[in-house]
Asks: 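Before I ask anything, let me first share the structure, which is written out below as structure tokens.
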Amino acid sequence: MLEIVMSLLKELEGDKPHMPPTMLYNEGWLLRIILHWFYQTQVTGHAFSFLPQAGWYSEGLLSSKFQSKHQGDPLGESYTRADGVLGHLAVGDKGRGDIFLIEPFRQFIVMEAKLFSRLSGSTKRVPGYNQVARNIACMASVAERSGCSVEGFQSLCFHVLAPKDQIEKEASFKKYVQKDAVRQVVRQRVETYKGRPDYDKKKKWFGEHFEPLLSKIKVSLISWEIVIDSIKKHDNEAGEGLARFYDLCLEFNSPKS
């Protein structure tokens, strides 16, 4: 079966493919290729550098402190699906893909990958609960659920990856990654539970788990171009191949396509 899959993907380079090119040329596969390269190459001092014993996973599920208590819960939400997670992690069984942190509890990086789409400014049920704040809140939930303290982490980050032009032109990118803005949004999320039985538990979590993580975490905007250039410096052949793949991602996903 894998041979058939490979054959179908190779057809994307021809004149008569059997699926849209965006099935392969997209931000998800772009990020997976980059993570694979850094994992194999073990470059130090980079935003994607792996600490010893660290691994990575794509499309992992991050638990939420605000998960629904019952069907139709007006304030509840589901797991957040992360484009990429790097660090000392394990993946839940039964195919669920939920992320847990494991010893030595030294690295936890979550990545959000974009090409031309914006960062979401709200969830379905909670206006203003933007994509960056939600991911960082979920990271605090994962750390709590895993039974670890963020104080021991050497590498704790949330990265948004996007084209250089989009980062420069889209105001929401710079706005949402400000820590004070993240703190305010998550505090407001906690306050939506005021008057409910679990309000005090949410407030306690905010002070004991979310605040320490937010104080320590590095929140970054990183362009695909910067990452590709850094790979070229270590491995020009791989970097040039990735640059060609990136160009095709831009071509097939452009709103003008």
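Below, each value reflects all heavy atoms present in this structure, side chains not excepted, and no hydrogens, waters or symmetry copies. Along the sequence shown, residues are numbered consecutively beginning with 1.
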Asks: Without swapping roles, check the side chain of Gln166 against the backbone of Ser117 for a donor-acceptor pair under 3.5 Å.
Replies: yes
Asks: For Ala54 versus Gln107, what's the shortest heavy-atom pair and its separation?
Replies: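 Here Ala54 and Gln107 meet closest at CB-OE1, 3.3 Å.
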Asks: Begin with the C-alpha distance, continue with both residues' side-chain angles, and end with the deciding distance and a verdict on salt bridge (Lys or Arg N to Asp or Glu O under 4.0 Å) for Lys232 and Glu240.
Replies: CA-CA 7 Å; Lys232 285 182 181 179; Glu240 290 294 342; 3.8 Å; yes
Asks: I'd like to know if the side chain of Glu170 pairs up with that of Ser172 as donor and acceptor (distance under 3.5 Å, no hydrogens or angles considered).
Replies: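 Ser172 and Glu170 do have a side-chain donor-acceptor pair below 3.5 Å.
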Asks: First locate atom CD1 of Ile222, then atom CD1 of Ile34, and finally report the distance between them rounded to the nearest 0.5 Å.
Replies: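 These two atoms lie 10.0 Å from each other.
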Asks: Quick check against the 3.5 Å criterion: does Lys174 have a side-chain atom that pairs as donor or acceptor with the backbone of Ile167?
Replies: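 A pair under 3.5 Å: yes.
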Asks: If you draw a 6.0 Å radius around NZ in Lys201, do more than 12 non-hydrogen atoms from other residues or ligands fall strictly inside?
Replies: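 No - once you tally the heavy atoms of other residues, nucleotides and ligands closer than 6.0 Å, there are 12 at most.
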Asks: State, to 0.1 Å, how close Leu24 and Phe245 come at their nearest heavy-atom pair, and which atoms those are.
Replies: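 Closest approach of Leu24 to Phe245: O-CZ, 3.4 Å.
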Asks: Could you tell me if the side chain of Leu35 sits less than 4.5 Å from the side chain of Leu86, heavy atoms only?
Replies: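 Side chain of Leu86 against side chain of Leu35, heavy atoms only: contact under 4.5 Å found.
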Asks: Of all heavy-atom pairs between Phe173 and Arg118, which one has the smallest distance, and what is that distance?
Replies: CE1-CA, 4.4 Å
Asks: NZ/Lys179 to OG/Ser215 distance, rounded to the nearest 0.5 angstrom?
Replies: 6.5 Å
Asks: The test is side-chain contact (heavy atoms from CB on, under 4.5 Å); show your working for Val110 and Leu62 and say whether it passes.
Replies: CA-CA 10 Å; Val110 171; Leu62 307 179; 4.1 Å; yes
Asks: Hydrogens and angles aside, do Ser63 and Ser141 bring a side-chain donor and acceptor to less than 3.5 Å of each other?
Replies: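 Looking only at side-chain atoms, Ser141 and Ser63 do form a donor-acceptor pair, the distance falling under 3.5 Å.
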Asks: Does Arg145 pair with Asp98 as a salt bridge, N-O distance under 4.0 Å?
Replies: yes
Asks: Side-chain contact, heavy-atom cut-off 4.5 Å: Cys249 with Leu115?
Replies: yes
Asks: Could you state whether Ile4 and Met19 fall into the same hydrophobic cluster, counting links through intermediate Ile, Leu, Val, Met, Phe, Trp or Tyr residues with side-chain heavy atoms under 4.5 angstrom apart?
Replies: yes
Asks: Hey, are Gln131 and Ser120 close enough side-chain-wise for a donor-acceptor pair under 3.5 Å?
Replies: no
Asks: Are Phe116 and Trp29 connected in the hydrophobic side-chain network, where two residues link if heavy atoms are under 4.5 Å apart?
Replies: yes
Asks: Assess whether salt bridge (Lys or Arg N to Asp or Glu O under 4.0 Å) is satisfied between Asp198 and Lys202, documenting all intermediate values.
Replies: CA-CA 6 Å; Asp198 50 349; Lys202 296 290 191 294; 3.1 Å; yes
Asks: Can you see whether Glu251 engages Tyr25 through a side-chain donor-acceptor pair at a distance of less than 3.5 angstrom?
Replies: no
Asks: Phe210 versus Ile136: any side-chain heavy-atom pair under 4.5 Å?
Replies: yes
Asks: Is Arg189 salt-bridged to Glu191, cutoff N-O under 4.0 Å?
Replies: no
Asks: With a 4.5 Å heavy-atom cut-off, do His88 and Pro104 have their side chains touching?
Replies: yes
Asks: Indicate yes or no: at least one non-hydrogen side-chain atom of Asp235 is less than 4.5 angstrom from one of Glu237.
Replies: yes
Asks: Under 6.0 Å between the ring centres of Phe66 and Trp205?
Replies: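 Here the rings of Trp205 and Phe66 have centres that are less than 6.0 Å from each other.
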Asks: Does a sphere of radius 6.0 Å around CE in Met23 hold more than 12 heavy atoms from other residues, nucleotides or ligands, not counting ones at 6.0 Å or beyond?
Replies: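 Incorrect, the count does not exceed 12.
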Asks: Kindly determine whether Leu156 and Val150 satisfy side-chain contact (heavy atoms from CB on, under 4.5 Å), including the steps that lead there.
Replies: CA-CA 8 Å; Leu156 181 65; Val150 299; 4.2 Å; yes
Asks: Mind checking whether Tyr199 and Val185 sit in one hydrophobic cluster, side chains of I, L, V, M, F, W, Y counted as touching below 4.5 Å?
Replies: yes
Asks: Does Ser49 reach the main-chain N or O of Gly45 with its side chain, forming a donor-acceptor pair under 3.5 Å?
Replies: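 A pair under 3.5 Å: yes.
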Asks: Less than 4.5 Å apart, any side-chain heavy atom of Tyr129 and any of Ser122?
Replies: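 No. Closest side-chain heavy atoms not under 4.5 Å.
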Asks: What I'd like to find out is whether the side chain of Phe206 reaches to under 4.5 Å of the side chain of Glu211, using heavy atoms alone.
Replies: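 In short, these two side chains touch, coming nearer than 4.5 Å.
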Asks: Salt bridge check, Glu59 against Arg32: does any charged N sit closer than 4.0 Å to a carboxylate O?
Replies: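 A salt bridge links Arg32 with Glu59.
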Asks: For Tyr39, does the OH atom sit with more than 12 other heavy atoms under 6.0 Å from it, leaving out its own atoms?
Replies: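 No, the 6.0 Å shell around OH holds no more than 12 heavy atoms from other groups.
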Asks: With rounding to the nearest 0.5 angstrom, report the CD to CD1 distance, Gln53 to Ile102.
Replies: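 Going from CD on Gln53 over to CD1 on Ile102, the span is 8.0 Å.
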Asks: Measure from the ring center of His46 to the ring center of Phe38 and say whether it is less than 6.0 Å.
Replies: yes
Asks: Quick check: is Ile217 connected to Leu51 through a chain of hydrophobic side chains (ILVMFWY, heavy atoms under 4.5 Å apart)?
Replies: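 No, separate clusters.
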Asks: For the residue pair Phe158 and Lys218, establish whether any side-chain heavy-atom pair is separated by less than 4.5 Å.
Replies: no
Asks: According to a 4.5 Å side-chain heavy-atom criterion applied to Ile, Leu, Val, Met, Phe, Trp and Tyr, with indirect links allowed, do Leu8 and Met1 form part of one hydrophobic cluster?
Replies: yes
Asks: Just wondering, are more than 12 heavy atoms of other shown residues or ligands nearer than 6.0 Å to NZ in Lys164?
Replies: no
Asks: Rounded at 0.5 Å granularity, tell me how far CZ in Phe100 sits from CG in Leu89.
Replies: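 If I round to the nearest 0.5 Å, the distance is 11.5 Å.
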Asks: Under a 4.0 Å N-O cut-off, is there an ion pair linking Glu151 with Lys216?
Replies: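 Salt bridge between Glu151 and Lys216, a charged N being under 4.0 Å from a carboxylate O: no.
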Asks: With respect to Glu112, which candidate in Leu161, Val132, Leu119 satisfies the side chain to side chain contact (heavy atoms under 4.5 Å, CB included) definition?
Replies: Leu119
Asks: Does a sphere of radius 6.0 Å around CD in Gln42 hold more than 12 heavy atoms from other residues, nucleotides or ligands, not counting ones at 6.0 Å or beyond?
Replies: yes
Asks: At their closest point, which heavy atom of Cys157 faces which heavy atom of Met139, and how far apart are they?
Replies: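 Scanning both residues completely, I find the closest heavy atoms to be O-CE, 3.5 Å.
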Asks: Would you kindly say whether Glu77 and Thr123 are connected by a side-chain donor-acceptor distance under 3.5 Å?
Replies: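 No.
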Asks: Give the minimum heavy-atom separation between Glu225 and Ala162, together with the two atoms involved.
Replies: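 Nearest heavy atoms, Glu225 then Ala162: OE1-O, 4.3 Å.
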Asks: Would Lys203 and Asp200 pass as an ion pair if we require N to O under 4.0 Å?
Replies: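 Salt bridge: no.
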Asks: State the CD1-OH distance between Ile99 and Tyr79, to the nearest 0.5 angstrom.
Replies: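 Result: 11.0 Å between the selected atoms.
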Asks: Under a 3.5 Å distance rule, please check whether Ser64 uses its side chain to pair with a backbone N or O of Ser78 as donor and acceptor.
Replies: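 Such a contact is absent between Ser64 side chain and Ser78 backbone.
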Asks: Checking side-chain contact (heavy atoms from CB on, under 4.5 Å) for the pair Leu61/Val91: CA distance, chi angles, key distance, verdict?
Replies: CA-CA 9 Å; Leu61 299 176; Val91 184; over 6 Å; no
Asks: What is the distance from atom NE2 of His36 to atom OG1 of Thr41, rounded to the nearest 0.5 Å?
Replies: 8.0 Å
Asks: Could you please spell out the steps behind the side-chain contact (heavy atoms from CB on, under 4.5 Å) verdict for Phe153 and Cys148?
Replies: CA-CA 9 Å; Phe153 278 85; Cys148 64; 3.9 Å; yes
Asks: Taking all heavy atoms of Phe48 and all of Met111, pick out the closest pair and write down the distance.
Replies: CE2-SD, 3.3 Å
